[in-house]
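If you read the sequence from its start, that first residue is 1, and numbering goes on from there.
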Amino acid sequence: MLMHIFDTSDFERSLRRRRLTAFGLLAVGITGILCYIFLIHDSDVLSDYARGFYLGGASGISIGAVFLLIRVTYLLSNPEARKKAKIQEQDEREKAIINQAFQFAGMFTFFAAAASLFVLVAVSQAAAMAVLGVLVVYAVVWLLANLYLSKTL
């Protein structure tokens with residue numbers, strides 16, 4: 001399903017899906033803010049860092065969702081801007097740059113996380129297991145995406 005969100009074969013339909021995604025992200029952000037206000041704000045169990053993480057993460061997700069929602073709504077309501085954005089997104093050079101950037105970022109993140117395991121095992125086994133879990137999720141998602149794309153493309 002996530003692969004179809006940014007499919008630009010039908011650009012207007014893709015924008016409507018992105019708008020739904022923005023609403024979903026906004027719901028997640030608002031849920032985080034409400035959890036912070038009603039459950040975490042006055043909690044003595046969590047450290048200041050954890051409370052700040054909740055508030056900052058939820059606020060960041062909410063603000064990002066609002067920006068995405070504004071942009072998508074603007075593109076849906078303005079045909080000229082929509083046409084320009086469609087041309088830009090479907091440009092082969094732009095696609096190649098984005099794909100190579102994602103590929104490099106993914107490889108760098110994977111190897112940096114793998115290297116960090118050597119430090120984390122000595123410092124915190126729980127942190128090492130969390131990073132190892134992220135690496136496993138990355139590998140599984142890559143495998144599933146590879147299988148899916150090999151059948152659809």
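- Using a distance-only test at 3.5 Å, with no hydrogens or angles considered, no donor-acceptor pair links the side chain of Ser124 to the main chain of Leu120.
- Rounded to the nearest 0.5 Å, atoms CD1 (Ile98) and CG (Asp91) are 9.5 Å apart.
- Interatomic distance, CG of Leu25 versus CG of Leu20, reported as 11.0 Å (0.5 Å rounding).
- Among pairs with a residue in residues 84-112, those fulfilling ring-ring contact (aromatic ring centres under 6.0 Å, His included) read Phe110-Tyr138, at least two apart in sequence or across chains.
- Tracing side-chain contacts under 4.5 Å through hydrophobic residues (I, L, V, M, F, W, Y), one reaches Tyr36 starting from Val66; they form part of the same cluster.
- Cluster membership for Phe11 and Leu76, using ILVMFWY side-chain heavy atoms within less than 4.5 angstrom, is shared.
- In terms of heavy atoms, Ala65 sits closest to Ala22 at CB-O, 3.5 Å.
- Put simply, the side chain of Ser14 never gets that close to the backbone of Asp10: no donor and acceptor are under 3.5 Å apart.
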Quiz: residues 112-119 side-chain donor-acceptor pairs under 3.5 angstrom, not counting sequence neighbours:
residue	atom	partner	partner atom	Å
Ser116	OG	Ala113	O	2.7

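- Hydrophobic clustering (side-chain heavy atoms under 4.5 Å, transitive across Ile, Leu, Val, Met, Phe, Trp, Tyr) groups Leu26 together with Tyr54.
- Nearest heavy-atom pair, Ala58 versus Ile33, reported as atom, atom and distance to 0.1 Å: CB-N, 3.5 Å.
- Across all their heavy atoms, Ala105 and Thr109 have their closest contact at O-OG1, 2.7 Å.
- Rounded to the nearest 0.5 angstrom, Asn99 CG and Glu94 CD are separated by 10.5 Å.
- In summary, Glu12 and Arg16 engage in a salt bridge, as defined by a charged side-chain N under 4.0 Å from a carboxylate O.
- The cluster map of Ile, Leu, Val, Met, Phe, Trp and Tyr, joined by side-chain heavy atoms under 4.5 Å apart, puts Leu144 and Val136 in the same cluster.
- The side chain to side chain donor-acceptor pair (under 3.5 Å) contacts involving residues 61-78 comprise Tyr74-Asn78, where partners must be two or more places apart or lie in separate chains.
- Clustering ILVMFWY residues whenever any of their side-chain heavy atoms sit less than 4.5 angstrom apart, transitively, puts Ile30 in the very cluster that holds Phe38.
- Within the model, atoms CG of Leu68 and CD1 of Ile63 stand 14.0 Å from one another, a figure rounded to the nearest 0.5 Å.
- One distance of note links CG of Leu15 with CD of Glu89; it measures 7.0 Å at 0.5 Å rounding.
- Here the NZ-CD1 distance, from Lys83 to Ile87, works out to 5.5 Å after rounding to the nearest 0.5 Å.
- Taking all atoms of both residues into account, the shortest heavy-atom contact from Arg18 to Val72 is CB-CG2, 3.9 Å.
- Checking Leu55, Leu34, Leu46 one by one against Ile40, the side-chain contact (heavy atoms from CB on, under 4.5 Å) holds for a single residue, Leu46.
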